[in-house]
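Below is one structure, written out as C-alpha cells; comments come after it.
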Amino acid sequence: MIIPMNKDAKYDPAKIELKWQKKWTKDKLYQTKEDSKKEKFFVLDMFPYPSGEGLHVGHPKGYIATDIISRFQRMHGKSVLHPMGFDAFGLPAENYAIKTKTNPIDSVTKNVQRYKEQLEILGFDYDWSREVNTTDPAYYKWTQWIFLQLYKKGLAYESFEPINWCPVDKTGLANEDVENGRCERCGALVEKKPMRQWVLKITDYADRLLADLDTKKPNGDTFLDWPHSIKEAQRNWIGKSEGAEIEFTLKMANNKPRFVLIHGYKGSPEQDFFPWLKKELEKRGHEVQVPALPNPENPKESEQVDYVINNCTIDENTVIVAHSLGGVVAQKALMKLNKQISGLVLVGTAITPGFSKESKSRLFHKNFTWDFDYVRINKLAQGRVAILSDTKEIHRGAFLKDMAGKLSGAFIETPAVKEHFTASEEPAILKCVTPTVSVFTTRPDTIFGVTYIVLAPEHPWVSELLSQIENKAEVEAYIAQAKLATEIERTDAKKEKTGVELKGIRAINPANSEEVPVWIADYVLADYGTGVVMAVPAHDERDFAFAKKFGLPTKHVVMEPITVMSGITTFRPDEPIVYRNVIRAVVKHWSEDKYLVLTWKDDGRKSFISGGIEGDEDTIVAAKREIEEETGYTDLDFISYIGGKVRARFYAPIKNQNREDLQQGILFQLKSNKNVGISEAEQKIHAIEWMSLEDARKVMDPTLVDFITVNRLIANNQTYTGEGVLCDSGSFTGKDSGLIKKDITLSVGGQWVSKYKLRDWVFSRQRYWGEPIPLIHCKKCGVVPVPEKDLPVKLPKVKSYEPTGTGESPLADIHKWVNVKCPKCKSPAKRETNTMPQWAGSSWYYLRYMDPKNKNALVDPKKEKYWAPVDMYVGGAEHATRHLIYARFWHKFLYDIGTVSTTEPFIKLQHVGLIMGEDGRKMSKRFGNVVNPDDIVKAYGADTMRLYEMFMGPFDQQIAWSTSSMVGVRRFIEKVWRLRETVSKKEVSQDTLSELASSAAGSQSPALLPKRPSNSSSSETVNRILHKTIKKVTADINTMSFNTAVSTLMIAVNELEKIESITRDQFELLLKLLAPFAPHAAEELWYSVGNKTSVHISSWPVHDESLIVETEVNIIVQVNGKVRASFKVEVNTNDSELEARAKDIPEVKKWLDGRLVKKVIVVKGKLVSIVVV
RNA sequence: GCCGAGAUGGCGGAAUUGGUAGACGCAUACGACUCAAAAUCGUACGGAGAAAUCCAUGGGAGUUCGAUUCUCCCUCUCGGCACCA
C-alpha cells in the first residue's frame, strides 16, 4: 500500500536510525550494573519463542511498551534491568527438525539471529550482554538443578496413572496443555493413557498460589498489581472449593458376615459399646452374638475360651470383634478351634500382663497364658486383622503397634470417645467393621435429600466390591466403556447421563440412617474430591438429570426463600400464624396447550388452584379434591410434581388469618371436559379462565408463588439449587441452609475440607527437544539423581527425532548416552529418557538475567537481592494459567529452599492486547494478513512504528492493524522536525544547524512556512503548554496509557507550532518527553541543538505546578440540567458573583424568564446550575 | 451454565472525584499554495432542522439540579473455566 507522505520533509529515518543504534551499542549505553547507590528497576518482557516465520508487527507491541518504561525509568536515575532472551525448546523447532532432518540447534540458532535483527531495527534498549537461551547447556544446567531440588524435596514423583496423551505429538501432556479435550498445540483429541511419567506436586502449593493473589501490603493494596482478569483466571484454575467430607457406610446384600462380640475383664453384653454396636450391626442386617462370659470379675482362660467355642457359631462367615481382655480370649479360642473366620477386630486388647499403665497385678494375669501364634492367627483370620488403639492410651498403644506388626494386621490409631473404648457409642469400631465411602460435597445442608450415591467408575472400591455385586457383568462392561471414552466425550455436560447401579450394595445416609442405592457413572470424576458424590436431585441439576433418566426418587429439603405478598394479602405481623402444607395445582386443558387460572374477585390477582393438605392426606388426593371444589373438573390424570417446595407467608383475607404455607406444585391433565359444577360460595370468590403458560406468566404477580410455579413449568426447571430454609431435615428443619453447613457436617461425623481443581503438573515429555530429566534408573538402587557436579546432562545429538510413541523419547536409542554407571553403586544403569516440557525453561528465566554467566550458582544471592522482584512484567494474557502459574510455583519453591528472597516473582503484570490483521482476524500466514515489521520500518521508520503501536488504542486492548492510519504519527514526527527550525537561532550555533540540514534527505531547500502571528509569543505560554504536557505524559506512562501520552504530545506540538519561536531549553524539554517513544528522532534533534551526551541518559523533567495554573477558567451555566451558556472568569471568583454573572447572560435569562428559581448549585471553577419550575 | 472484560461518529479512540460528550489521529469535503499533482497550511466534519432548538455514549428503568461515569434488569461481543459435586 502506498501512503502519501511528505517527500520533501527533512526527516529521513533511514538516515538516522541505524546511525544511532550503532552509536548506542558502541557506547554500551544500555548495559546495566548492580549499583547500590541507585534505585533499581527490573522491567521484563515475556521472551519469545523464535519460530522460522520471524516476528510480525503484533509481536513488538509489548516490547515497545517495556522499552518506553525502561527509558523512562533510566531517565529517572534508576539502574534499569531490561533484558531479552529466547525460549527455544519445544515442539515447533522439533517438528521442523523432523521435517527437514536438521538438528534443531541449527534452526534455533538461525531463528534467534533473525529475531535479534528484527528487534534491533526497532531501537530497543535491551542489555544484550545478558541474553539467555533456554537451549544453552549453561542455562539448562540450572533448569535441571531446580528439578533435582524438587526431586530431593519429594515434589517430583514418578507416577503410572493414566494421563493425557496426544496421539499426534506422541507425548503426555499436562492438564494445562489440554484445551476442551484437545491438544493445545495440534488440536488432536487427547486420550487417557497409563504411562510412566514424572509429575511435579504443584498441588502442594495450591493454597499459597491462591492466597498470595490477594496478599495485601501494609497500605492495603494487593501485593500483586495484576490485571483483575488474570488473577480471576488463576483463581478459577486453582479452583478451590470448601465443603464437607462425609462417610457413607456400605451395606452388602450378599456376603453378610455374622458377628461375635466378645467383652473384656469385668465387662458384659450390657456394658460399654456392646448394646449399641449390636443394634447398629443388626440394623445393617447382620446376625450378632454377644456371649456373656463366665466370671467376668475373675476370668479364667480355659473357662472363657470354652464358653465362646461352645456357645457361639464361629465359621468362615464370622467376624470376631473383641474388646480388651476379650481379645486374648478370642485369639486363644481361634487357636484352639483352628478354623478359618472372616475377620478379627481387636479393640484396645491385652497383650502381656504388663500392658496396662496400672502396675497393680490382677488375678487374670496368672489365670491366662500369654503366648500367641501370630502367624497362625493371621492365617485363620484370612489376613483380615485390625487392631484399634485409643490415642489416649499411650502405654498400651506402643504394645498394640508392636503386636499389629507381628500379626501383619492393620493398626488403627484413633481417639476413642471415652478412654479405652468404654463409651456407650464408639463409632470408630463400627467404621472398622463396615466398609464406607467418603463423599465430598459443598452442600452438606442438603444431606437429608440424598436419594442415591454415585462413585466414579475408576473408584478403587468398585473393583474391591466387584465380587459382591449382583450385576457384575453389566458393571464391568460399563467400566470398560468409560475407559474407552475420550476425555471430551466423558466431560461433555450436555451429553445424556449414563451409569449403572451396583446391585446388592446399599449406602447408609449418616444423617437419617436411610438406605440409598449405589451407582457408578462417568459424570463423577475420579480425581476430583473423593470420587464419590452424594446425589441430591432436588437441589442439584446434574443429579436431577441422572435421577430423571434412571427413575430415581427426588426429595426436597430446601425451601425457596419466602415470598412476601403485598396488597390485600400483606402479612400482619401482630397476628398469629397458621402453618400449613399446601398443594398448588396446575391443570392442563384436555385438548389445547392451555391451563386453568383463577381470578380472585376481591383484588383481581391471578393464581393457580391451591388448598391445604388435611392431616396425613395424600398430596395427589388433596389436589384432586381442591380442583373439584374450585373448578368442578374431575376427570384428570396426575402428570408430575413441579419443582421444589416454596414457602410463602401472607394474610388470607377469606379466612382472616396469617398463614405460612409450604407449597408443593402439581401438574394434572384433564382427560375430558367433565365438570360437576362448583358451589355458589366458590363462584363468588373467583372466576375460571384458560390461559397459555406465557400469558399466565404475564398476568401473575412476580412476587407470588404462582409466578415461580409458572416459570418452572416454562423452563422445565425441576431443581432448586439456591439456599433457603430446610424442611424434612430432622433437627435442622427450619434452619437456614446457608448457615448450618458446618454444623450439619459435624453432626454426621464429617469434616470440613478444601478441594482443588488444580492437578499435579505432568512434567514428562516423550520427545527429543527438551531438557533431559537428570535422573538415572539403577536396578539395585532404584531412581538415583544425577550428582549436581555432573550437570548439565547434555542433550545428545540423534539421527532421528521422530517420537516413538512407546513412552520413551528418541533418546532411548542413543545407547552411548542412555547407558551409564549408577552414581551410587557403580553398576550398569540407564538414564531417564523423558525430557522436560516447554514450560520448564521459562519458569525461572527472569532470575538468570540477574546473573547470566554465573557458573557456580543459579543466581548470586547479592545480585538476586538487588534486582528481585520483577517490577514490571509485560506479555500476553494467554499465559494466565500456564507460564504464570508454573513460574509462581517454581519461584515459591526456590524461596522455600533459599535461592530467592521474595515470595512472588512479578510485582506488576500488564497484558498486551493482540494486534489483529487489517481484516480483523488473527495475524496468520494462513489468512495472508501478516504485516512484517521490517517493511513498516523501511517505509516509515522505527519511531513511526513505535509511536503508532502505542497510539492505536488502549495498550491492553485487542485492535486491528491499519497501515493507512500510520501516516498521522509520521506527520507528528515531521512536525517536531519543523519545530526544530523555530528554536531561537542565537541559542544554537550555525554549525549544528547546518549539520542537521546536511543529514536531511533531498536537496530542496525547505521553504519556511508562513507562521500565523502568535497570540502570545511569551515564554510563559510555552512553559504552560510544556509543563502541562510533562504532567500528563508522566502520569500516562505510569498508568501505561500510552495512547493518551502520544496524543498529549501531539496536542503540545500542535500548540507550539503556532508560536513563532521557542527557546532551546523549551525544545529540549519536549525532546525528553519524546525520547522514550521515538528514541532515534529525539536523539538526532537532541544532538542537533548542541548536546554532546545522549538524551536517553538525561533526566526526566519534573513539572512545575505553578506554571500550569490557569488564571482564567471557563464556567458553564446549566438551566434544569441543560447547558445554556458559558463565560470566562478569574479563577478565584466567589460563588455569589458566579451566580450573579450567570443569571445576567442573555442566553440564560431567556430560560429564566417568567419562571421561579428553585435552587442554584455553584461548583467553584466549574459551573452554575440553575433549577427553575 | 459459571466467572471476567467490554459496547461512544464513517473508522481507531478521548473524557480527573458525576459537571460543555466526541480530545488526538485516520478518512472525507471545501479553500490557500502550484502550470499541475503530491506534500504542506487553513476551514468544516454525530444526526434532524432555515433557525430557535431538539435527539444522540448497545436497549430499558432508577438515583441526581446534572449520568458515557453510580444502581437494577435485558441484549450483544470478546476472553477464561466448564458434569469440579
Side-chain angles (χ1 to χ4, degrees), chain A residues 3-9 179-180 227-237 239-241 243-244 439-443 446 454 490-495 497 521-525 527-536 540-543 545-546 755-758 877-878 880-881 911 914 947-948 951-954 956-962 964-969 971-972 974-975 978 1006-1007 1009-1012 1032 1035 1041 1043-1044 1046-1051 1054 1057 1114-1126 1150 1158-1161 1163 1165-1172:
Chain A
I3 302 295
M5 272 199 301
N6 186 355
K7 287 183 209 132
D8 302 337
E179 268 175 13
N180 296 322
H228 181 72
S229 58
I230 292 198
K231 282 192 179 183
E232 204 53 41
Q234 291 210 348
R235 278 190 202 106
N236 237 320
W237 190 259
K240 178 177 180 164
S241 48
V439 305
F440 174 68
T441 177
T442 54
R443 293 296 303 272
T446 61
V454 194
R490 273 196 60 169
T491 57
D492 181 6
K494 278 167 239 134
K495 164 194 107 162
K497 302 245 178 309
D522 65 3
Y523 83 91
V524 176
L525 308 175
D527 56 357
Y528 182 76
T530 58
V532 187
V533 171
M534 63 172 221
V536 187
D540 182 282
E541 281 173 34
R542 290 157 308 180
D543 296 343
F546 191 82
K755 298 282 177 195
Y756 300 89
K757 286 200 278 187
L758 185 73
E878 68 274 18
T881 53
H911 63 242
L914 272 182
L947 277 166
Y948 172 63
F951 182 64
M952 294 174 85
D956 58 356
Q957 197 172 298
Q958 165 182 318
I959 299 173
W961 178 265
S962 163
S964 62
S965 296
M966 292 192 67
V967 70
V969 283
R971 282 178 191 148
F972 161 69
E974 287 166 4
K975 280 184 192 176
R978 287 199 296 271
L1009 298 153
K1011 287 281 165 199
R1012 288 177 70 211
K1032 176 80 173 132
S1041 314
N1043 56 333
T1044 51
V1046 174
S1047 89
T1048 304
L1049 288 169
M1050 286 174 169
I1051 292 167
N1054 288 348
E1057 218 179 20
N1114 198 34
I1115 303 290
I1116 58 161
V1117 187
Q1118 295 184 338
V1119 180
N1120 282 356
K1122 295 214 154 142
V1123 178
R1124 295 301 178 190
S1126 70
K1150 192 168 79 184
K1158 205 174 128 197
K1159 197 172 168 188
V1160 178
I1161 295 138
V1163 181
K1166 282 222 171 106
L1167 67 83
V1168 178
S1169 181
I1170 303 166
V1171 188
V1172 295

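So that the names make sense, note that chain A is the first sequence line, chain B the second, and so on, each numbered from 1.
By the rule that a glycosidic angle within 90° of 0 means syn, B/rG49 does not qualify and counts as anti.
Counting heavy atoms from C-beta on, the side chains of A/H911 and A/I230 come closer than 4.5 Å. Between A/P954 and A/I959 the shortest side-chain heavy-atom distance falls below 4.5 Å. Two residues are said to be in side-chain contact when any heavy atoms from C-beta on lie closer than 4.5 Å; A/F440 and A/S241 meet this criterion. Residues A/V1117 and A/R1124 are not in side-chain contact: their nearest non-hydrogen atoms beyond the backbone lie 4.5 Å or more apart. In this structure, A/M534 and A/D543 have side chains that are not in contact, with every pair of non-hydrogen atoms separated by 4.5 Å or more.
Here B/rA85 is the nucleotide among B/rA85, B/rG19, B/rC81 with the atom lying nearest to any side-chain atom of A/T442. Side chain of A/K1122, nearest nucleotide from B/rG4, B/rC26, B/rC55: B/rC55. Nearest nucleotide to the A/K495 side chain, out of B/rG19, B/rC83, B/rC24: B/rC83. Among the nucleotides B/rA5, B/rU20, B/rU17, the one closest to the side chain of A/N1114 is B/rU20. When distances run from any side-chain atom of A/N236 to the nucleotides B/rC81, B/rC41, B/rA14, the shortest one goes to B/rC81. With distances taken from any side-chain atom of A/P954 to the nucleotides B/rU40, B/rA14, B/rC41, the minimum falls on B/rA14. Residue A/T1044 has its side chain nearest to B/rA15 when only B/rG13, B/rG25, B/rA15 are considered. Counting only heavy atoms from C-beta on, A/V533 has its side chain closest to B/rA85 among B/rC24, B/rA21, B/rA85. Of the candidates B/rA27, B/rA85, B/rA21, the closest approach to any side-chain atom of A/V967 belongs to B/rA27. For A/Y523, whose side chain is taken as the heavy atoms from C-beta onward, the closest listed nucleotide among B/rC65, B/rC83, B/rA14 is B/rC83.
The distance from atom CD1 of A/I230 to atom C1' of B/rG79 is 11 Å, rounded to the nearest whole Å. A/K497 has its NZ atom 10 Å from the P atom of B/rC83, to the nearest Å. A straight line from CH2 of A/W237 to P of B/rC3 spans 19 Å, rounded to a whole angstrom. Atom CZ in A/R235 sits roughly 11 Å away from atom C1' in B/rC3 (whole-Å rounding). Between the CE atom of A/M952 and the P atom of B/rG25 there is a distance of 17 Å, rounded to whole Å. Atom CD in A/E878 sits roughly 11 Å away from atom C1' in B/rG79 (whole-Å rounding). Residue A/N180 contributes atom CG, which lies 9 Å from atom C1' of B/rC81 at whole-angstrom precision. Whole-Å rounding puts the A/W961 CH2 to B/rC11 P distance at 21 Å.
For A/E974 and A/R971, the salt-bridge test fails: no basic side-chain N is under 4.0 Å from an acidic carboxylate O. Salt bridge annotation for A/D522-A/K495: present, with a cationic side-chain nitrogen under 4.0 angstrom from a carboxylate oxygen.
Within 4.0 Å of A/V524, counting heavy atoms only, lies at least one base atom of the nucleic acid. Looking at heavy-atom distances under 4.0 Å, A/D543 makes no contact with the nucleic acid at all. Within 4.0 Å of A/K240, counting heavy atoms only, lies no atom of the nucleic acid at all. A/I1161 comes within 4.0 angstrom of a base, heavy atoms only. Contacts of A/I1051 with the nucleic acid, taken as non-hydrogen atoms under 4.0 Å apart, involve only primed sugar atoms and P, OP1 or OP2. Backbone-only engagement by A/E232 is indicated by non-hydrogen atom pairs under 4.0 Å involving sugar-phosphate atoms exclusively. Among the protein residues, A/S241 comes within range of the sugar-phosphate backbone only, with heavy atoms under 4.0 Å from sugar or phosphate atoms but none that close to a base. A/K1032 comes within contact range of no nucleotide atom at all, as no heavy-atom separation falls under 4.0 Å.
If you take atom P in B/rU69 and the same atom in B/rG6, they sit 13 Å apart, rounded to whole Å. The gap from the P atom of B/rC26 to that of B/rG42 amounts to 12 Å, rounded to the nearest Å. Nucleotides B/rA38 and B/rG31, compared at atom P, are 13 Å apart to the nearest Å. Going from the P atom of B/rG58 to that of B/rG13 covers 14 Å, rounded to whole Å. Taking atom C1' on both B/rU68 and B/rA7, the two are 11 Å apart, rounded to the nearest angstrom. Distance noted for atom C1' between B/rG10 and B/rG60: 28 Å (whole Å). Only the P atoms considered, B/rC11 is 15 Å distant from B/rU28, to the nearest whole Å. Comparing the C1' positions of B/rC55 and B/rG9 gives an interatomic distance of 15 Å, to the nearest angstrom.
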Would you write the dot-bracket representation of RNA chain B, where each base gets (, ), [, ], | or . depending on whether it forms a Watson-Crick or G-U pair under 3.5 Å and with which partner?
(((((((..(((......[....))).(((((.......))))).(((....)))..(((((..]....))))))))))))....

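Taking 3.5 Å as the limit, the base of B/rC65 and the side chain of A/S1169 contain a donor-acceptor pair of atoms between them. At a cut-off of 3.5 angstrom, counting only N and O atoms as typed in the model, there is a donor on one side and an acceptor on the other between the side-chain of A/Q1118 and the base of B/rG19.
Within the 3.5 Å criterion, the main-chain N or O of A/V1172 finds a donor-acceptor partner in the side chain of A/N1120.
Contact record, A/I1115 with A/L1167: CG2-CA, 3.9 Å, taken as the closest heavy-atom pair.
In this pair, A/W961 and A/Y948 present their aromatic rings perpendicular. The plane angle is above 60°, beyond the 30 to 60° band.
Each of A/S229 and A/K1166 has a nearest nucleotide on RNA chain B; the 5'-most of these lies closest to A/S229. Where A/G239 and A/V1119 meet RNA chain B, the nucleotide closest to each residue was compared, and A/V1119 sits on the side nearer the 5' end.
The CG atom of A/L1049 sits 11.0 Å away from atom CG of A/N1054, with the distance rounded to the nearest 0.5 Å.
Using a 4.0 Å cut-off, no side-chain N or O of A/R971 falls inside it from OP1 or OP2 of B/rA39. Side-chain N/O atoms of A/R1124 include none lying less than 4.0 angstrom from OP1 or OP2 on B/rU53. For the OP1/OP2 pair of B/rG25 and a distance below 4.0 Å, the side-chain nitrogens and oxygens of A/N1043 include no atom meeting the criterion.
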